[in-house]
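Here the structure is laid out as structure tokens; the discussion comes afterwards.
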Amino acid sequence: MDKRVATLAEAVRNIPDGASVMIGGFGNSGVPFGLVDALIDHGAKNLTIISNNAGAGDFGLGRLLKEGQVSKFVCSYPRSRGSVWFEKAYAAGEIALEIVPQGTLAERIRAAGAGLGGFLTPTGFGTRLAEGKETRVIDGKGYVFEAPLSADFALIRGEKGDRWGNLSYHGTARNFNPIMASAARHTIAEVRQLSEAPLDPESVVSPGIFVKSIVEYGVRP
Amino acid sequence: MDKRVATLAEAVRNIPDGASVMIGGFGNSGVPFGLVDALIDHGAKNLTIISNNAGAGDFGLGRLLKEGQVSKFVCSYPRSRGSVWFEKAYAAGEIALEIVPQGTLAERIRAAGAGLGGFLTPTGFGTRLAEGKETRVIDGKGYVFEAPLSADFALIRGEKGDRWGNLSYHGTARNFNPIMASAARHTIAEVRQLSEAPLDPESVVSPGIFVKSIVEYGVRP
Amino acid sequence: MNSLTDQQLAARLALDIPDGAYVNLGIGKPTYVSSYVPSDREVLYHSENGIIGVGPTPAEGEEDPEMIDASKRLITVAPGAAFFEHADSFAIMRGGHIDIAVLGAYQVAENGDLANWATLDEKFPPAVGGAMDLVVGVPKIFVMMKHVNKDGSPKLLKRCTYPLTGLAVVNRVYTDLAVLDVTPEGFRLVELTDGNSLDDVQAVTEARILPPV
Amino acid sequence: MNSLTDQQLAARLALDIPDGAYVNLGIGKPTYVSSYVPSDREVLYHSENGIIGVGPTPAEGEEDPEMIDASKRLITVAPGAAFFEHADSFAIMRGGHIDIAVLGAYQVAENGDLANWATLDEKFPPAVGGAMDLVVGVPKIFVMMKHVNKDGSPKLLKRCTYPLTGLAVVNRVYTDLAVLDVTPEGFRLVELTDGNSLDDVQAVTEARILPPV
């Protein structure tokens with residue numbers, strides 16, 4: 001069992017036009033910048049991107065948007081300082097946006113990875129973001145029904161990894177990466193360091209069973 | 001912030017008759033035997049116990065059952081070799097049993113800790129364990145609606161802990177302990193070793209926010 | 001009328017954060033609060049992006065670009081900290097485990113409704129983040145904001161006019177002019193910024209303010 | 001008729017576990033399978049109690065009482081292993097991440113229905129464990145069992161009479177007498193234990209067995 005691939009380009013080469021792609025990270029922390037750059041070079045278009053933020057500046061998700069590769073964004077907070085390329089595309093009507101409360105986004109991703117058919121969350125009950133959704137009141141508390149959210153691919157970033165695809169993380173760079181790893185049909189992990197030895201089983205946060213390919217990218221943003 | 005208590009007896013002394021109590025462990029691994037013994041000595045009666053197994057032999061949950069302190073058991077597998085005290089009480093009609101598929105038990109506990117109102121699981125659809133439950137078919141797959149499961153107390157076992165209540169685990173002794181920690185109004189943790197220094201934040205599996213009291217119990221079963 | 005600066009307001013609110021509390025500070029000005037909590041109180045700060053135990057800003061040269069809080073500020077780690085992934089982080093928020101959240105607001109209504117994520121201006125894409133999860137899960141929601149908008153229009157209303165973040169969720173509002181509790185009867189004055197009168201504050205408030213009991 | 005021993009049956013099934021597979025072995029006899037998987041294949045075994053990478057039984061003196069599998073046997077850890085908690089373990093099972101599960105059974109029906117958790121004997125308390133989660137989540141369900149009950153009554157049925165574990169979930173059945181696939185048309189013979197004929201096996205099977213295509 002050896003999931004290592006030699007280059008970032010090789011890791012993303014099977015992502016087709018029209019694919020749905022989860023991308024880990026919160027702000028610039030835990031974003032798989034190496035894989036995102038490779039995806040830009042690869043050139044797949046008409047992508048649906050699922051990621052908490054919509055990039056900032058001319059790099060990472062910002063550059064992916066600038067290059068016009070994204071037709072839909074599923075996200076909780078696309079309006080960070082510097083999210084100019086998203087704002088331009090949105091204002092021009094060139095991109096569809098599905099806005100999801102952050103905890104609901106995380107839980108929908110987890111539900112897909114866990115094989116659940118959906119869940120009831122109190123988040124957003126009575127607000128505009130629950131409009132048109134099934135709701136229920138239990139013991140006086142309102143809940144919104146939310147469906148699982150899966151993707152064709154997930155691009156994630158870990159700290160250390162091994163040939164089995166096991167991953168550990170670094171500080172707040174963990175964020176969406178472990179749940180996205182579980183929710184995509186093909187999860188590609190970039191790690192700061194590929195270890196020859198297996199990771200300590202106690203320190204593994206994402207078991208390798210979720211990971212199809214793993215590639216080293218030593219740069220820390 | 002110091003959640004340490006000096007003795008097992010002190011840790012459990014506020015558990016009243018009629019309380020619902022989650023108890024971690026799978027088989028004999030990860031069971032908080034020190035806290036269970038203290039609960040037996042404490043003598044609270046008419047308890048609802050939520051635990052994956054119903055004990056084996058004359059110790060731990062087996063002894064709690066033998067002493068007649070349990071009126072209801074919520075569990076996935078009460079029939080392990082040696083679960084004689086459960087079987088006796090069950091045959092005599094002295095104990096109520098709610099049998100839950102193991103993954104549904106785990107997910108219901110997690111849902112309670114996560115503030116969700118319930119979820120749809122494919123597990124058990126079309127079987128006797130879904131009788132009387134709400135079901136739904138989505139994209140041709142059947143699902144059962146399951147409600148969250150919380151408790152007044154959780155007794156759990158970790159490997160190392162610190163005064164903030166942070167916990168790490170050991171091997172397969174992790175099992176139900178982290179999710180039970182999150183789902184009870186008062187979680188009491190027994191750890192094999194209480195550390196003076198804070199645990200490494202990367203190695204913490206159960207953040208201390210879930211834990212109200214922590215006590216050292218060095219014995220490994 | 002006398003008006004607290006943002007820093008003075010953060011210092012006032014900090015007095016109400018008790019020893020041993022788990023607290024989430026919303027993005028922007030609420031993050032000022034932690035600097036003013038009395039040093040004999042140990043408070044652990046949760047940030048939605050996966051940490052309990054947010055420490056102070058790092059010293060120069062000690063920055064780690066992957067250690068940030070929800071405001072995307074660089075942070076350090078306090079003793080007793082833990083890291084976790086996003087589903088777990090929001091389980092902590094939604095599940096009632098955090099004691100207090102401090103949030104900014106566009107509007108607060110006398111029934112406790114909160115509007116803090118979207119205005120009626122459709123020019124910008126909507127962005128919600130984690131606020132909706134916090135308000136349904138955290139038992140004490142403190143709002144920290146200016147009492148009135150820049151144009152003088154009131155922010156403490158009978159009913160919110162902006163899209164809601166949550167229904168009947170706010171417990172207390174700290175403004176530059178006064179501190180008010182949200183009660184079943186509506187806003188009730190807790191205290192006035194030194195030198196202000198209830199009549200003065202009422203005059204810039206749409207909702208009725210009840211006197212202290 | 002010729003009947004494989006339990007160990008022979010495990011060895012036969014082991015040939016169908018491919019290199020690189022993630023496999024869950026049900027409690028009891030299915031755990032025999034791992035000993036027979038050819039040594040040039042690297043297979044990682046998941047156990048519901050929170051591990052991927054179950055290794056062999058520990059040497060004497062090396063036992064760790066808190067390192068067990070779902071059968072509560074003492075285990076070691078294989079290279080590439082990871083530990084996790086129970087909700088995550090069942091997310092792995094339910095979410096379609098495991099390739100193959102090997103389970104025992106009381107009964108299998110020709111439509112793939114499985115009964116392996118309860119008989120009609122109400123004397124004992126019911127116990128379900130993790131079988132219902134495995135069968136809905138794992139794409140390949142292999143059943144390993146005796147072809148008939150001790151009293152000679154059939155276990156491969158038109159319809160199960162015992163309470164079901166899952167509906168239309170079994171892909172292949174390995175018995176001491178034969179290997180059969182569950183197809184849209186019903187049971188289809190894959191192979192016979194050496195020396196047996198299809199007629200012999202059909203005679204002790206309630207459901208119809210189709211010949212190999």
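Lettering of chains follows the sequences in order, A, B, ..., and the numbering in each one begins at 1. Because the structure is a prediction, the values reported are computed rather than measured.
Contacts between Tyr22(C) and chain B at a heavy-atom distance below 4.5 Å involve the side chain alone, from C-beta outward. Heavy atoms closer than 4.5 Å to chain B are found nowhere in Ile51(C), neither backbone nor side chain. With a 4.5 Å cut-off on non-hydrogen atoms, Ala21(C) touches chain B through its backbone but not through its side chain.
Distance check: Leu194(B) CG to Arg163(B) CZ gives 11.5 Å after rounding to the nearest 0.5 Å. Within the model, atoms CG of Leu149(B) and CE of Met22(B) stand 4.5 Å from one another, a figure rounded to the nearest 0.5 Å.
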Ring pair (Phe, Tyr, Trp, His ring centres under 6.0 Å) assessment of Phe125(B) paired with Tyr143(B): CA-CA 6 Å; Phe125(B) 180 80; Tyr143(B) 295 89; 8.0 Å; no
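Comparing Pro198(B), Ala114(B), Ala111(B), Ser206(B) by heavy-atom pairs within less than 4.5 Å of chain C, the highest count is held by Ala114(B). The candidate with the highest count of non-hydrogen atom pairs below 4.5 Å against chain B, out of Val77(C), Ile92(C), Asp88(C), Val43(C), is Ile92(C).
Ion pair Lys133(B)/Glu146(B) flagged as a salt bridge, since at least one NZ, NE, NH1 or NH2 atom sits closer than 4.0 Å to an Asp/Glu carboxylate oxygen.
Between Phe86(B) and Phe73(B), the angle of the ring planes goes over 60°, which puts this pair in the perpendicular group of the 30/60° scheme.
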